*Asks:* 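One structure follows; several queries about it will come next.
Each ligand, and each atom within it, is numbered from 1 in the order the structure gives. Small disclaimer: the values here were computed from a predicted structure and weren't measured.
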Amino acid sequence: MLFYTKPVMSAEEFRLFQEFVADLFGIVIDEGRENYLVQKLLPRLEALRHGSFAEYYAHLKYAPNREEEHQRLISLITNNETYLFREESQLDIFAKVTLPALKEKCLQTGSRKIRIISAGCSSGEEGYTLAMILLESGLFLWDWDIAISGVDIDSQVLAKAELGVYSGRAFQTTPPHYIDRYFTKSSDGMQVRESLRRITRFSRGNLLNLENPFENETVDIIFCRNVLIYFSEETIGRIVAGFGRLLKRDGLLFLGHSESLARITTQFIPERHPGAIIYKKRD
Ligand SMILES: C[S@@+](CC[C@H](N)C(=O)[O-])C[C@H]1O[C@@H](n2cnc3c(N)ncnc32)[C@H](O)[C@@H]1O
């Protein structure tokens, strides 16, 4: 009979994993969270038949197929919590203040193109929410070229985003008329309609070195909500500097309500609205 003793994580191994995860994904695993990490990683050690965390670490660092394992690791340690119409007060400002101003600005420059990134889009709810608000605003008719690009590091959630099928908690704050207008019933839940798919796309990317999903087109707005809380201040600074490079002059950055750029950068000017702060790129 084969006995399997559960490997124990040494302080040194914990430190190695902390560094690995921070270097590759930017995510900070706080001191004292050894148990959390052990619970997350044990199934992978068992699946790969590694007898110690050091062996698993070596696999992540040197195995020829290590990229595959990086994907599994990121799926294990990221928090993918999201839902449609999350943080309504901010979305309200987006609909009532940001979009009319953006249209005005576009018309002044003779452009009818809008480019938005949902950075850390998880399973797509944020991107589809923005698409619904844009369409519902009635500001941008057929002759506008609109694209919303969701980017995430976790390919498992991206597959769900591509599918666009949601149920239950995903709709917890969705006004019912949006469900009627933008979803159809499918066997597994409610599926986004073609009108949303047409202007929404998803791709894999790491915010630590984010490439422009629109290639050489500059971006009007970046939503990066409930993502930066998992990063160190130094990493946030680096990510936000990357956003600055992609955004147009006066481009906007929306963060989650518990996230702030105070003490991190002066590259963005906070604009205060009732229930929301929006960051505008400084000239
Ligand atoms: C909590 S979800 C937020 C989803 C959505 N923005 C919202 O507010 O509902 C955080 C997402 O950030 C993604 N993420 C974490 N680190 C990342 C990185 N370095 N690059 C890209 N995405 C990352 C995770 O995979 C996860 O799907």
*Asks:* Considering only the protein, which heavy-atom contact is closest to atom 4 (C) of ligand 1, and what is its distance?
*Replies:*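 Atom 4 (C) of ligand 1 sits closest to the protein heavy atom G120 O, 3.3 Å.
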*Asks:* Minimum heavy-atom separation for K61 to R66, with atom names?
*Replies:* O-CD, 3.1 Å
*Asks:* Roughly how far apart are L130 CG and I117 CD1, rounded to 0.5 Å?
*Replies:* 12.0 Å
*Asks:* When R115 is tested against each of D145, N212, T218 for side chain to side chain donor-acceptor pair (under 3.5 Å), which residue passes?
*Replies:* D145
*Asks:* I need the atoms of ligand 1 closer than 4.0 Å to a non-hydrogen atom of G205, numbered in the order shown.
*Replies:* 20 (N), 21 (C)
*Asks:* Thinking salt bridges, do R249 and D283 make one under a 4.0 Å N-O criterion?
*Replies:* yes
*Asks:* Do R169 and E81 meet the salt-bridge criterion of a basic N to acidic O distance under 4.0 Å?
*Replies:*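 Yes.
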*Asks:* Under a 4.0 angstrom heavy-atom cut-off, which atoms of ligand 1 come close to E81?
*Replies:*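 With E81 as reference, the close atoms of ligand 1 come out as 1 (C), 2 (S), 3 (C), 4 (C), 9 (O).
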*Asks:* Is the Y178 to F85 ring centre distance short of 6.0 Å?
*Replies:*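 Yes, they do, as the ring centres are separated by less than 6.0 Å.
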*Asks:* With a cut-off of 4.0 Å, which atoms of ligand 1 are near a heavy atom of T82?
*Replies:*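 Listed by number with element: 4 (C), 5 (C), 7 (C), 9 (O).
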*Asks:* Using a 4.0 Å cut-off to any heavy atom of T78, which atoms of ligand 1 qualify?
*Replies:* 15 (C), 24 (C), 25 (O)
*Asks:* Please confirm whether the ring centroid of F94 lies under 6.0 Å from the ring centroid of H273.
*Replies:* no
*Asks:* What protein heavy atom sits nearest atom 22 (N) of ligand 1, and how far off is it?
*Replies:*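 Here the nearest protein heavy atom works out to I153 N, 3.3 Å.
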*Asks:* How far is atom 13 (C) of ligand 1 from its nearest protein heavy atom, and which residue and atom is that?
*Replies:*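 Checking every protein heavy atom, the shortest distance to atom 13 (C) of ligand 1 gives D152 OD2, 3.3 Å.
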*Asks:* Within ligand 1, which atoms have a heavy atom of N206 less than 4.0 Å away?
*Replies:* 18 (C), 19 (N), 20 (N)
*Asks:* Taking atom types as modelled and ignoring hydrogens, do the side chains of Y166 and Q191 form a donor-acceptor contact shorter than 3.5 angstrom?
*Replies:* no
*Asks:* Salt bridge check: are E126 and R86 linked by an N-O gap of less than 4.0 Å?
*Replies:*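 Looking at R86 together with E126, the answer is no, because their closest N to O distance does not fall below 4.0 Å.
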*Asks:* I would like to know whether Q156 and Q71 meet side chain to side chain donor-acceptor pair (under 3.5 Å); could you show each step before the answer?
*Replies:* CA-CA 8 Å; Q156 280 186 18; Q71 273 306 298; over 6 Å; no
*Asks:* At less than 4.0 angstrom from any non-hydrogen atom of S122, what atoms of ligand 1 do you find?
*Replies:* 4 (C), 27 (O)
*Asks:* Quick test: of every protein heavy atom, which one is nearest to atom 7 (C) of ligand 1, and how far off is it to 0.1 Å?
*Replies:* R86 NH1, 3.3 Å
*Asks:* Looking only at protein heavy atoms, identify the closest one to atom 26 (C) of ligand 1 and say how far it is in Å.
*Replies:*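 The answer is N80 ND2, 3.3 Å.
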*Asks:* Once you restrict to heavy atoms under 4.0 Å, what part of F231 touches ligand 1? Side chain, backbone, both or neither.
*Replies:* side chain
*Asks:* Is the closest side-chain donor-acceptor distance between E233 and T235 under 3.5 Å?
*Replies:* no
*Asks:* Return yes or no for this condition: an N or O of A119 is under 3.5 Å from an N or O of ligand 1.
*Replies:*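 No: no nitrogen or oxygen of A119 is under 3.5 Å from one in ligand 1.
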*Asks:* Would you mind running through ligand 1 and noting each atom that sits below 4.0 Å from a heavy atom of D154?
*Replies:*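 Result: 25 (O).
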*Asks:* Please report which non-hydrogen protein atom sits nearest to atom 20 (N) of ligand 1, along with the residue it belongs to and the distance in Å to one decimal place.
*Replies:* L207 N, 2.9 Å
*Asks:* Any idea which protein heavy atom is nearest atom 10 (C) of ligand 1, and the distance to it?
*Replies:* N79 O, 3.3 Å
*Asks:* Going by heavy-atom distance to atom 8 (O) of ligand 1, choose the closest among V157, N226, V21, L84.
*Replies:* N226
